[in-house]
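Some notes on the structure that comes next.
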Number of protein chains: 2
Amino acid sequence: MNTTKAIAAQAQAIQQTETALIELFVRLAQVIGLQRSIGEIYGLLFAAVRPLTMDELTQRLGISKGSASQGLRLLRSFGAVRMEYVPGDRRDHYVAELELRHLLGGFLREKLQPHLVWGAGQLNEIDRLVAALPGDDQGLLRQRLIRLKRWRTRGQKMLPMMLKLLRV
Amino acid sequence: MNTTKAIAAQAQAIQQTETALIELFVRLAQVIGLQRSIGEIYGLLFAAVRPLTMDELTQRLGISKGSASQGLRLLRSFGAVRMEYVPGDRRDHYVAELELRHLLGGFLREKLQPHLVWGAGQLNEIDRLVAALPGDDQGLLRQRLIRLKRWRTRGQKMLPMMLKLLRV
DNA sequence: CATTTTGTTCAATATAAAATGAACAATGCT
DNA sequence: AGCATTGTTCATTTTATATTGAACAAAATG
């Protein structure tokens with residue numbers, strides 16, 4: 001039974017699944033501080049059963065060429081998306097890498113790690129400054145710095161732990 | 001030797017230490033998606049050797065009463081800051097809770113957890129939608145959904161793990 | 001090799017988020 | 001009670017961020 005009606009119903013089901021997956025990845029993007037458009041692109045690619053062109057992405061998501069181009073570049077740099085060759089078509093076709101670790105690992109590497117590195121340096125700087133403090137204040141601040149340093153250590157431990165959990 | 005010059009030098013050292021600590025917490029706020037002003041407030045309180053009033057915060061950070069009031073409310077809701085009674089002064093005085101776990105735990109609870117909960121629900125919804133998909137697509141999508149569900153599990157494990165690491 | 005197609009870049013624009021400050025409420029003081 | 005001080009709220013303004021789209025470059029087509 002493949003009536004027009006049945007086909008329409010299936011098309012709607014596909015549509016709804018896409019929408020729900022896009023929504024999921026848009027929120028994930030939000031959580032890790034990436035643009036909504038990047039969530040949309042990855043979501044649609046994740047839901048797609050075949051490689052999509054940039055043109056299809058802009059059309060179906062209603063985003064501009066610029067957004068699509070930049071978004072895809074970032075996703076490729078993360079390794080979350082790759083280009084797939086399609087014979088007889090010179091346009092680039094994109095597919096999602098299904099392992100989420102690419103997406104999350106890219107985020108950890110590019111967004112989180114730099115801050116941790118900077119923080120370590122800043123703590124040394126603060127150390128130096130506290131040494132020049134008047135004696136009574138100095139004791140108090142030294143105690144607090146010790147706490148901060150414990151957190152630097154924890155942060156440095158947490159990142160590899162998360163990366164390990166992601167098997168990156 | 002407590003010449004005017006020496007006192008001025010110490011005042012500068014205090015100033016620099018404050019600035020460096022504020023900068024540190026501003027970046028931490030940035031990483032976890034909190035407003036810069038909240039980082040500034042916590043940073044200054046962390047650097048302060050005595051409780052500060054809201055007025056002192058607005059003055060020294062150059063932020064408005066509104067920002068200070070709202071920022072302090074959030075920090076209190078996280079348990080990252082508490083009010084301390086100062087005899088003979090009816091203004092509220094604030095001190096930083098030095099355990100960073102309050103700040104980070106508050107963030108995990110209020111910003112991250114809700115998304116994880118929503119995501120779990122959304123995955124069930126997607127499950128339902130995939131069941132209505134045409135057979136050939138359905139197999140493919142089911143495979144992908146399995147991956148996503150694995151990540152839900154991981155996410156749910158990671159949160160308690162981080163909370164434990166924070167001893168919250 | 002002129003033309004079309006495809007993809008990128010970046011200044012301009014639109015959107016979202018945070019900060020402001022005036023109006024208000026609550027509290028303490030004389 | 002009347003006044004002064006302190007703290008909160010929220011509509012408006014400011015600032016920061018993301019998106020757009022026109023101009024450009026690169027590559028394929030016929």
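Proteins come first, then strands; the chains are lettered A, B, ... in the order of their sequence lines, and each starts at number 1. Note that the structure is a prediction, hence the values are computed from the model and not measured.
The residue B:Arg90 sits close to a base: some heavy atom pair falls under 4.0 Å. Across all strands, B:Gly71 comes closer than 4.0 Å to no nucleic acid atom at all (heavy-atom distances). Contact annotation for A:Gly33: no contact, since no heavy-atom pair falls under 4.0 Å across all strands. Counting any heavy atom pair closer than 4.0 Å across all strands shown, B:Asp55 reaches no nucleic acid atom. Using a 4.0 Å heavy-atom criterion, one finds that A:Thr53 contacts no nucleic acid atom at all. Base engagement by A:Ser69 is indicated by at least one non-hydrogen atom pair under 4.0 Å involving a base atom.
Not one side-chain nitrogen or oxygen of A:Ser37 sits closer than 4.0 Å to the OP1 or OP2 atom of D:dA18. Remark: B:Arg73 is not in phosphate contact with D:dC10, judged by side-chain N or O atoms under 4.0 Å from OP1 or OP2. Considering only side-chain N and O atoms, A:Ser64 lies nowhere under 4.0 angstrom from the phosphate OP1 or OP2 of D:dT19.
Following rounding to the nearest Å, B:His93 (NE2) and D:dG7 (C1') show an atom-to-atom distance of 13 Å. Atoms OH (B:Tyr85) and C1' (C:dG28) sit 12 Å apart, rounded to a whole Å. Between the C1' atom of D:dT8 and the CZ atom of B:Arg76 lies a distance of 10 Å, rounded to the nearest Å. With rounding to whole Å, A:Leu72 atom CG is found 13 Å from D:dT19 atom P. Summarising the geometry, the separation between CD on B:Glu56 and P on D:dT5 is reported as 17 Å, rounded to the nearest angstrom. Spacing between atom CD of B:Glu40 and atom P of C:dA18 amounts to 13 Å, rounded to whole angstrom units. Between the C1' atom of C:dA18 and the CD1 atom of B:Ile63 lies a distance of 12 Å, rounded to the nearest Å. Atom P of nucleotide C:dA17 and atom CG of B:Leu74 are separated by 16 Å, given to the nearest angstrom.
Comparing A:Ala68 and B:Met54 by the nucleotide of DNA chain D whose heavy atom lies nearest to each, the residue mapping closer to the 5' end is B:Met54. Taking for each of A:Arg91 and A:Gln70 the nucleotide of DNA chain C with the nearest heavy atom, the 5'-most of the two is the partner of A:Arg91.
Nearest heavy-atom pair, B:Leu61 versus B:Leu44, reported as atom, atom and distance to 0.1 Å: CG-CD2, 3.8 Å.
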*Decide yes or no on side chain to side chain contact (heavy atoms under 4.5 Å, CB included) for A:Ile32 and A:Leu108, but give the supporting numbers first.*
CA-CA 9 Å; A:Ile32 65 182; A:Leu108 290 179; over 6 Å; no
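Here the side chain of A:Asp92 is nearest to one of C:dA19, D:dT8, C:dG7, namely C:dG7. Comparing C:dT8, D:dG7, D:dA18 against the side chain of B:Lys65 picks out D:dG7 as the nearest.
Salt bridge status for B:Lys149 with B:Asp127: present, with a side-chain N to carboxylate O gap under 4.0 Å. A salt bridge does not link B:Glu23 to B:Arg27: none of the charged nitrogens lies less than 4.0 Å from a carboxylate oxygen. Using a 4.0 Å cut-off between charged side-chain N and carboxylate O, A:Glu84 and A:Arg50 make no salt bridge.
With hydrogens and angles ignored, the 3.5 Å screen pairs no side-chain donor or acceptor of A:Gln16 with any backbone N or O of B:Leu129.
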